[in-house]
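Proteins get letters first, then strands, A, B, ... in listed order; numbering begins at 1 in each. Hydrogens, waters and symmetry mates are skipped; everything else that's a heavy atom, side chains included, is used.
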Amino acid sequence: MSWADILILVVQCFVITLAVTTGFAYLTLFERRVLARLQNRVGPNRAGPGGFLQPAADAVKLFFKEDIVPAMADKPVYLLAPAMAVIPALIIWAVIPFGCLNIANWDYRACFSASGEGLRNILQIADINVGVLYILAVTSIGVYGITLAGWASNNKYSMLGGIRSSAQLISYELALGCAVLSVVMTYGTLSTREIVYLQGWSNGGIWGIVPQLLGFVLFMIASTAEVVRAPFDLVEAEQELAGGYNTEYGSMKFALFFMAEYIKLIAVSAIAVTFFFGGWRFPGLETLGRGMTELAGPVVGSIVMGIVSLGSFLLKVVIFLFISVWVRASWPRLRYDRLMDLGWKWLLPLGLLNILYTAVVYVLVPSQRLAAFVLLGLGLITLAIAGSFSSAPRPVDNVTYVKEVVRSSTGREERDHELRESAKGI
Amino acid sequence: MLGAYLPILVMFLIAVFIAAFVIIVSSLLGPRRSTVRKLAPYESGMEPIGPAIRRIPVKFYVVAMLFIVFDIEVVFFYPYALVFRDLAGPGLVAMGVFFLVLVVGFVYEWKKGALKWE
């Protein structure tokens with residue numbers, strides 16, 4: 001490895017880190033604008049055209065806020081915790097392929113080869129052969145930052161938030177592990193580059209959503225809980241915990257937690273795209289690369305393919321982010337016991353079932369593509385059955401019931417008695 | 001072989017740099033006008049009562065213990081996931097037995113009430 005390679009590497013890492021951080025800043029704006037629209041408001045639109053400068057204004061404000069360390073806090077751990085939250089969130093990005101721009105010999109075809117021979121893809125930082133394992137490992141380290149922050153603040157709200165978060169994260173990590181395991185079984189590899197390659201229709205593959213529909217649903221629920229995102233954001237339930245683990249944090253130290261959470265959200269969306277929606281690939285991309293190479297030579301062909309593949313990847317990620325904001329606007333937060341029930345009694349058994357399906361179907365059905373569709377059918381049936389079982393009593397019904405009791409009873413004492421009785425049932 | 005991991009090291013160093021930079025710069029730029037009340041633990045405006053780090057309900061420990069058991073069992077599946085096509089029938093039977101043990105343990109803990117959260 002020459003000095004030029006190392007220089008390229010450092011620049012590459014720096015650019016991607018900055019891009020991710022900027023992405024985070026604009027995700028906050030995107031979220032506030034979309035949430036505002038969904039709630040029939042306008043949202044931040046004063047700083048710059050359409051609120052474009054709002055993230056910059058927020059950052060400057062946070063940098064100039066008073067930076068305090070509470071007297072009771074454990075100072076080293078208190079200062080270390082935000083860093084421990086944000087570092088894993090940033091380094092997940094090392095193994096995610098954003099696109100394919102081959103700079104080794106400007107040959108676009110290396111992007112579509114199984115072995116990755118002669119490929120020096122500048123749009124993926126590290127192509128390690130245990131990429132999926134790395135993703136799992138790094139996402140689980142993130143829990144330390146939150147737990148330590150809760151503990152080190154020496155505040156009751158923070159402590160409760162920290163404990164809740166560790167219990168929540170480890171519960172959903174199992175479901176996440178099961179979902180990812182069935183993905184690994186489908187592709188038979190732990191390398192993220194190969195996973196993207198194996199989803200190409202032209203080389204006998206298919207997007208991961210088809211064989212792993214059930215896995216995808218489990219992954220989406222578990223990863224939303226894993227990045228403590230609404231409706232699973234009990235860790236920071238403002239109404240009951242005054243902010244949770246980050247109650248005692250202010251200025252940029254608070255922003256680092258915020259940043260970690262949002263960068264992880266973008267990262268799990270990117271991982272979902274890589275595992276289930278073909279990563280940067282889309283039908284016709286190879287034809288485009290060939291056409292451009294014939295038309296304008298290999299360098300232009302590679303660059304065009306790099307840009308288009310990056311664009312397709314980003315578009316898919318943005319769709320996921322929009323869905324995440326939409327979910328946040330639509331569903332109320334879960335109750336804690338329901339959260340634990342969902343993780344242990346629904347997602348974990350379904351995850352185990354999915355592993356069983358995947359193993360049995362791929363062993364018994366010789367054709368990969370046929371197996372994929374068999375798994376799709378099994379996934380649909382399982383989801384339908386699970387959905388029909390999970391009919392929790394809705395709070396709305398209870399309210400209607402109370403209203404009916406109030407309306408039907410005439411005497412005040414009688415009404416009060418009935419209300420009390422019905423309240424016991426709720 | 002280890003060369004493939006060099007980019008991750010670089011990425012890690014940059015992440016550490018950014019985190020340290022942000023924490024240090026914000027502590028330099030912000031004003032410092034601390035008072036005793038400002039530095040006291042936040043308790044919705046009340047005087048803090050007792051220490052914050054106290055005993056926590058045992059069910060959190062139970063969750064942690066169950067997690068370790070199941071996580072290790074899931075990790076055992078990963079090597080199998082990579083080679084299960086080559087192992088075919090015999091591998092499926094062998095892992096099926098392991099899977100059965102796992103499910104029996106899960107049903108036991110469910111029936112025992114370890115997953116109940118009240």
With a 4.5 angstrom heavy-atom cut-off, is it the side chain or the backbone of [X] that approaches chain A, or both, or neither?
{"X": "Phe12(B)", "answer": "both"}
{"X": "Leu13(B)", "answer": "neither"}
{"X": "Leu82(B)", "answer": "both"}
{"X": "Phe106(B)", "answer": "side chain"}

Winner by heavy-atom pair count (cut-off under 4.5 Å) against chain B, out of [options]:
{"options": "Ile91(A), Val360(A), Leu90(A)", "value": "Ile91(A)"}
{"options": "Thr358(A), Leu190(A), Leu62(A), Asp341(A)", "value": "Leu190(A)"}
{"options": "Val363(A), Leu181(A), Val10(A)", "value": "Leu181(A)"}
{"options": "Asp127(A), Leu80(A), Leu133(A), Leu352(A)", "value": "Leu352(A)"}
{"options": "Gln368(A), Gln12(A), Met259(A)", "value": "Gln368(A)"}
{"options": "Tyr187(A), Phe64(A), Trp93(A)", "value": "Phe64(A)"}

Worksheet item: Quick one: of Gly96(B), Ala19(B), Pro31(B), Gly91(B), who has the most non-hydrogen atom pairs under 4.5 Å with chain A?
Response: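 It is Pro31(B).
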Worksheet entry | Top contributor to chain A contacts, counting heavy-atom pairs under 4.5 Å, from Val74(B), Ile8(B), Leu28(B), Ile18(B) |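 Among Val74(B), Ile8(B), Leu28(B), Ile18(B), the one with the most close pairs to chain A is Ile8(B).
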Worksheet entry | Chi angles and distances behind the side chain to side chain contact (heavy atoms under 4.5 Å, CB included) call for Val104(B), Val107(B) | CA-CA 5 Å; Val104(B) 168; Val107(B) 172; 5.9 Å; no
Select one option (side chain, backbone, both, neither) describing which atoms of [X] are under 4.5 Å from chain B's heavy atoms.
{"X": "Ser251(A)", "value": "side chain"}
{"X": "Val69(A)", "value": "backbone"}
{"X": "Leu364(A)", "value": "neither"}
{"X": "Leu256(A)", "value": "side chain"}
{"X": "Ser182(A)", "value": "neither"}
{"X": "Val86(A)", "value": "side chain"}

Worksheet item: Is any residue of residues 62-71 of chain B within less than 4.5 Å of chain A by heavy atoms, and which ones?
Response: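 Near chain A, by residue number: Val63(B), Ala64(B), Leu66(B), Phe67(B), Phe70(B), Asp71(B).
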Side chain proximity check, [X] to [Y], heavy atoms < 4.5 angstrom:
{"X": "Thr17(A)", "Y": "Val20(A)", "answer": "no"}
{"X": "Tyr134(A)", "Y": "Ile92(A)", "answer": "no"}
{"X": "Phe77(B)", "Y": "Met185(A)", "answer": "no"}
{"X": "Val95(A)", "Y": "Ile125(A)", "answer": "no"}
{"X": "Tyr78(B)", "Y": "Val180(A)", "answer": "yes"}
{"X": "Ser171(A)", "Y": "Met340(A)", "answer": "yes"}
{"X": "Trp151(A)", "Y": "Thr147(A)", "answer": "no"}
{"X": "Leu92(B)", "Y": "Phe99(B)", "answer": "no"}

Worksheet entry | Euclidean distance, Ser166(A) OG relative to Glu173(A) CD, rounded to 0.5 Å |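 Output value for this atom pair is 11.5 Å.
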Fill in: Rounded distance [0.5 Å steps], CG in Leu100(B) versus CE in Met95(B)
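Reported to 0.5 Å precision, the distance equals 12.5 Å.
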Discussion item. Just checking Phe98(B) against Tyr80(B), ring centres under 6.0 Å apart?
Written reply: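 Aromatic pair excluded; centres sit 6.0 Å or further apart.
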Discussion item. If you count every heavy atom of other residues, nucleotides or ligands that lies below 6.0 Å from Lys65(A) atom NZ, does the total exceed 12?
Written reply: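 Open: at most 12 neighbouring heavy atoms sit under 6.0 Å from NZ of Lys65(A).
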Discussion item. Treating Tyr172(A) as the side-chain partner and Ala167(A) as the backbone partner, does any N or O pair qualify as donor plus acceptor under 3.5 Å?
Written reply: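 Judged by distance alone, no pair lies under 3.5 Å.
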Discussion item. For a quick check under 3.5 Å, do Gln212(A) and Asn354(A) share a side-chain donor-acceptor pair by atom type?
Written reply: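 The criterion, which ignores hydrogens and geometry beyond distance, is satisfied for Asn354(A) and Gln212(A).
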